[in-house]
Amino acid sequence: MTATVIDGKAFAARVRDKVAVHVGRLKADHGITPGLAVVLVGEDPASQVYVRSKGKQTVEVGMKSVEHRLDEDTSEVDLLGLIDQLNNDPEIHGILVQLPLPRHLDEDLVINSISPAKDVDGFHISNVGLLGTGQKSMVPCTPLGCLMMLREHHGSLSGMDAVVIGRSNIVGKPMAQLLLGESCTVTIAHSRTKDLPDVVRRADIVVAAVGRPEMVPGDWIKPGATVIDVGINRLDAPEKGEGKTKLVGDVDYDSCAKVAGAITPVPGGVGPMTIACLLANTVTACCRANGLEEPEGLTV
Ligand code: GUN
């Protein structure tokens with residue numbers, strides 16, 4: 001069997017188109033422009049790339065983009081002051097503080113100081129609780145993107161066995177909640193899981209989110225299963241020339257694609273969906289803030 005490749009890049013472009021249409025309507029019918037503020041503290045090179053990309057795509061769909069780049073040694077008081085200002089700014093509907101933060105800043109405190117209604121990352125403790133109890137919330141972008149692709153590929157996920165490898169607050173835990181919400185039987189596996197290969201072999205859906213390059217080989221995959229690869233790992237690629245690098249996921253693509261029914265590639269799978277879902281969450285937050293109907297199909 002050769003797996004169907006789930007094209008996250010094309011799917012993300014369709015999500016962005018939907019967002020752009022809705023933004024156009026908000027502007028034309030209500031004079032409202034959704035606004036997203038992104039806060040970056042320090043100089044982490046990967047974070048700088050993400051933040052630039054987020055800003056560019058925000059503008060491309062017609063929204064207002066505001067970037068706050070703060071020094072590495074910014075104090076907690078100053079950062080909380082900025083978040084308070086953004087919480088109270090009526091032109092800002094979404095706030096994202098790029099993680100990781102420098103070590104002297106308390107990540108939980110900072111995230112929980114964002115107004116839950118503007119928490120387009122879905123990381124605030126209120127949104128985590130709402131998602132866990134099946135109530136309307138802001139849903140974390142990467143798991144939301146994974147779920148959109150799974151729903152599009154399968155339709156109903158009801159009764160399927162799903163294994164999420166990784167228990168992070170950003171991906172693993174919210175992904176498990178979303179799959180539970182779709183009536184999957186969900187297992188969260190992690191570094192201490194006994195007999196991981198056998199656990200993964202039972203799954204109709206495998207979501208790999210561990211941050212370990214090519215950790216999942218094809219012989220762990222049940223024939224016909226759907227594999228969603230959240231990993232983005234940069235490796236040296238001397239075969240491409242001196243100093244060259246390549247991106248690989250958390251699954252060994254070539255061996256898994258021979259066994260799976262469907263698989264997301266890296267790059268071009270989950271990655272593009274994450275930013276598309278951030279834009280979708282910002283429009284959703286803007287509609288909720290203004291008591292307007294939410295766009296269909298852009299959240300759970
Ligand atoms: N760092 C890595 N992924 C994310 C994300 O989804 N949101 C934020 N805020 N920071 C991140």
Side-chain angles (χ1 to χ4, degrees), residues 6 8 11-12 15 50 54 94-101 107-108 110-112 114-154 157-158 160-191 193 203-212 226-232 249-251 264 269-285 288 294 297-300:
I6 300 177
F11 197 142
V15 171
Y50 287 133
K54 284 167 189 168
I95 302 170
L96 179 147
V97 177
Q98 184 67 30
L99 303 177
L101 287 170
E107 220 159 78
D108 289 337
V110 170
I111 294 302
N112 290 327
I114 297 171
S115 160
K118 296 190 179 188
D119 168 37
V120 281
D121 259 327
F123 295 165
H124 189 286
I125 190 72
S126 297
N127 282 314
V128 175
L130 291 167
L131 178 64
T133 49
Q135 300 178 70
K136 195 156 98 171
S137 64
M138 296 307 301
V139 179
C141 304
T142 300
L144 177 58
C146 295
L147 183 66
M148 283 185 185
M149 290 191 286
L150 283 167
R151 275 179 171 176
E152 162 135 315
H153 185 73
H154 286 282
L157 308 179
S158 180
M160 295 177 86
D161 283 316
V163 171
V164 179
I165 316 175
R167 54 176 155 178
S168 70
N169 291 336
I170 293 182
V171 183
K173 287 180 202 160
M175 187 77 244
Q177 295 287 5
L178 287 174
L179 290 166
L180 203 51
E182 300 292 307
S183 301
C184 292
T185 303
V186 183
T187 304
I188 305 181
H190 47 78
S191 55
T193 297
D204 305 307
I205 294 169
V206 179
V207 180
V210 266
R212 286 185 51 191
T226 298
V227 178
I228 304 290
D229 191 350
V230 179
I232 301 178
D250 290 349
V251 312
T264 59
V270 174
M273 284 300 287
T274 296
I275 298 186
C277 287
L278 173 68
L279 305 176
N281 277 350
T282 305
V283 173
T284 300
R288 288 179 188 171
E294 292 173 29
L298 291 183
T299 191
V300 287

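Treat the numbers as computed from the prediction; the structure is a model and nothing was measured.
- Between atom CG of residue Leu179 and atom CG of residue Asp161 there is a gap of 11.5 Å, rounded to the nearest 0.5 Å.
- One finds the OG1 atom of Thr282 at 4.5 Å from the CG atom of Leu278 (value rounded to the nearest 0.5 Å).
- In terms of heavy atoms, Val164 sits closest to Met175 at CG2-CG, 4.1 Å.
- Smallest separation of non-hydrogen atoms from Gly94 and Val120: CA-CG1, 3.7 Å.
- Every side chain to side chain donor-acceptor pair (under 3.5 Å) that Thr133 has, sequence neighbours left out, goes to Gln135.
- Contacts classified as salt bridge (Lys or Arg N to Asp or Glu O under 4.0 Å) and involving residues 121-142 (residues at least two apart or in different chains) are given here: Lys136-Glu294.
- Two residues are said to be in side-chain contact when any heavy atoms from C-beta on lie closer than 4.5 Å; Val139 and Thr284 fail this criterion.
- Partners of Asp204 according to the salt bridge (Lys or Arg N to Asp or Glu O under 4.0 Å) rule, which considers only residues two or more places apart in sequence or in another chain, are Lys222.
- Considering only residues two or more places apart in sequence or on other chains, Asp229 meets the side chain to side chain donor-acceptor pair (under 3.5 Å) condition with none of them.
- The closest side-chain heavy-atom distance from Leu99 to Ile170 is below 4.5 Å.
- Atom CZ of Arg212 has 12 or fewer neighbouring heavy atoms from other residues, nucleotides or ligands inside a 6.0 Å radius.
- The salt bridge (Lys or Arg N to Asp or Glu O under 4.0 Å) analysis of residues 164-175, with sequence neighbours excluded, yields no pairs.
- Judged as a side-chain contact (heavy atoms from CB on, under 4.5 Å), and not counting sequence neighbours, the contacts of Gln177 are Leu131, Leu180.
- Taking CG from Leu298 and CE from Met148, the interatomic distance works out to 5.5 Å, rounded to the nearest 0.5 Å.
- Here Glu152 pairs with Arg14 under the salt bridge (Lys or Arg N to Asp or Glu O under 4.0 Å) rule; sequence neighbours left out.
- Residue Pro140 comes nearest to Pro174 through the heavy atom pair CG-CB, 3.8 Å, listed as atom of the first residue, atom of the second, then distance.
- Not counting sequence neighbours, the partners of Asp108 by the side-chain contact (heavy atoms from CB on, under 4.5 Å) test are Asp106, Asn112.
- Pairing each heavy atom of Val128 with each of Phe123, the nearest pair is CG2-O, 3.7 Å.
- By the side-chain contact (heavy atoms from CB on, under 4.5 Å) test, His154 pairs with Leu150, Leu157, Met160, Thr226, sequence neighbours left out.
- Annotation: side chain to side chain donor-acceptor pair (under 3.5 Å) contacts of Ser126 (sequence neighbours excluded): His124.
- Across all non-hydrogen atoms, the minimal contact from Val163 to Ala189 is CG1-CB, 4.3 Å.
- Partners of Asn281 under the side chain to side chain donor-acceptor pair (under 3.5 Å) rule, at least two apart in sequence or in another chain, do not exist in this structure.
- Thr274 meets the side-chain contact (heavy atoms from CB on, under 4.5 Å) test with Cys141, Thr142, Val270; sequence neighbours excluded.
- Taking every heavy atom of both residues into account, Ser168 and Val171 meet most closely at OG-N, 2.9 Å.
- Residues Met138 and Pro116 are not in side-chain contact: their nearest non-hydrogen atoms beyond the backbone lie 4.5 Å or more apart.
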